[in-house]
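First the structure, in the form of structure tokens, and then the observations on it.
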Amino acid sequence: MTATSGERLVPGPGEGTLMELLWSTFGVSVLSAFFPVVNIEAYLGVVASQVGTTGALPLATTAAFGQALGKIVWYEAARRGTDSRWMAKRLEKPAVRARYESWTARAEGRPLLVVGVLFTASLVGLPPLLVVAPLAGALHLNRLAFVATIVAGRSVQFFVILQGIGHLLG
């Protein structure tokens with residue numbers, strides 16, 4: 001890496017390009033949307049320790065879009081699956097039915113509530129986005145609102161991670 005004024009730059013000659021870093025970040029973020037053991041936050045921390053704060057915005061945005069792409073699969077499965085035999089069988093369990101009906105009653109006709117919970121999950125991870133994404137699908141939240149909310153929340157979260165670690169270790 002080439003450094004100027006104590007700040008690391010994106011990969012230099014022979015070390016890859018920013019575009020390669022963006023593509024790998026996108027891939028890891030999509031993968032992490034499916035498999036929680038692949039931790040995008042840890043990956044971004046390692047990236048920030050290597051490249052500093054340079055490229056934080058495009059990296060954060062790229063990772064956010066990758067997360068949204070991965071989570072939309074969960075969203076669509078739940079959106080289409082509420083009428084499936086599998087879901088009907090799950091809803092036979094009284095505890096599952098009670099939770100589903102409770103969330104549906106609270107959120108139905110209140111898309112801002114769903115967007116608020118989704119944004120909070122995207123920004124801070126509580127409740128887990130892996131749980132909220134299918135819930136948003138089951139409640140038929142508008143797709144564009146779903147993607148935009150995840151991209152907004154995750155972009156902020158990832159930018160803070162990249163900037164923070166980049167300043168500390170970069």
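How far CG of Leu112 is from CG of Leu141: 9.5 Å, rounded to the nearest 0.5 Å. Taken from CG in Leu18 to OG1 in Thr54, the straight-line distance is 9.5 Å, to the nearest 0.5 Å. Considering CD1 of Ile165 and NE2 of His167, their distance stands at 12.0 Å, rounded to 0.5 Å.
Both Trp23 and Leu31 sit in one connected hydrophobic cluster of ILVMFWY residues. Membership requires side-chain heavy atoms under 4.5 Å apart, directly or through other members. The hydrophobic cluster containing Val51 does not contain Phe159, counting ILVMFWY residues as joined when their side-chain heavy atoms lie under 4.5 angstrom apart, directly or transitively. Connection of Phe26 to Phe35 is established within a shared hydrophobic cluster, with ILVMFWY side chains joined at heavy-atom distances below 4.5 Å, either directly or through further cluster members. Note: the hydrophobic cluster containing Val156 does not contain Ile161 (ILVMFWY, side chain heavy atoms under 4.5 Å, direct or indirect links). The cluster map of Ile, Leu, Val, Met, Phe, Trp and Tyr, joined by side-chain heavy atoms under 4.5 Å apart, puts Val46 and Leu21 in different clusters.
Counting heavy atoms from C-beta outward, Phe158 and Ile40 have side chains that approach closer than 4.5 Å. In this structure the side chain of Arg79 reaches within 4.5 angstrom of the side chain of His140, judged on heavy atoms. Under the 4.5 Å side-chain criterion, counting only non-hydrogen atoms from C-beta, Pro127 is not in contact with Val131.
At distances below 3.5 Å, not a single donor-acceptor pair connects side-chain atoms of Trp74 with backbone N or O atoms of Phe34. Panel note: side chain Gln50, backbone Val47; no donor-acceptor pair is recorded below 3.5 Å.
Here the shortest heavy-atom pairing between Ala33 and Lys71 reads O-NZ, 3.1 Å. When every heavy atom of Ala136 is checked against every heavy atom of Phe146, the shortest pair comes out as CB-CD1, 3.8 Å. The two atoms that bring Ala63 and Leu44 nearest to each other are CB-CD1, 4.2 Å, heavy atoms only. When every heavy atom of Ser155 is checked against every heavy atom of Thr61, the shortest pair comes out as OG-CA, 3.9 Å. Closest non-hydrogen pair, Leu22 versus Thr62, comes out as O-CG2, 3.3 Å. When all heavy atoms are compared, the tightest approach of Ser32 to Val38 is CB-O, 2.8 Å.
The pair Glu41-Arg154 meets the salt-bridge criterion, since a charged nitrogen lies less than 4.0 angstrom from a carboxylate oxygen.
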Does the pair Thr53 and Leu162 meet the rule for a side-chain contact (heavy atoms from CB on, under 4.5 Å), with working shown? CA-CA 6 Å; Thr53 58; Leu162 287 161; over 6 Å; no
Tell me, with the steps shown, if Leu135 and Leu118 meet side-chain contact (heavy atoms from CB on, under 4.5 Å). CA-CA 9 Å; Leu135 179 64; Leu118 182 62; over 6 Å; no
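Heavy atoms of other residues, nucleotides or ligands lying less than 6.0 angstrom from CZ of Arg106 number more than 12.
For Ser24 and Tyr43, the side-chain atoms include at least one donor-acceptor pair closer than 3.5 Å.
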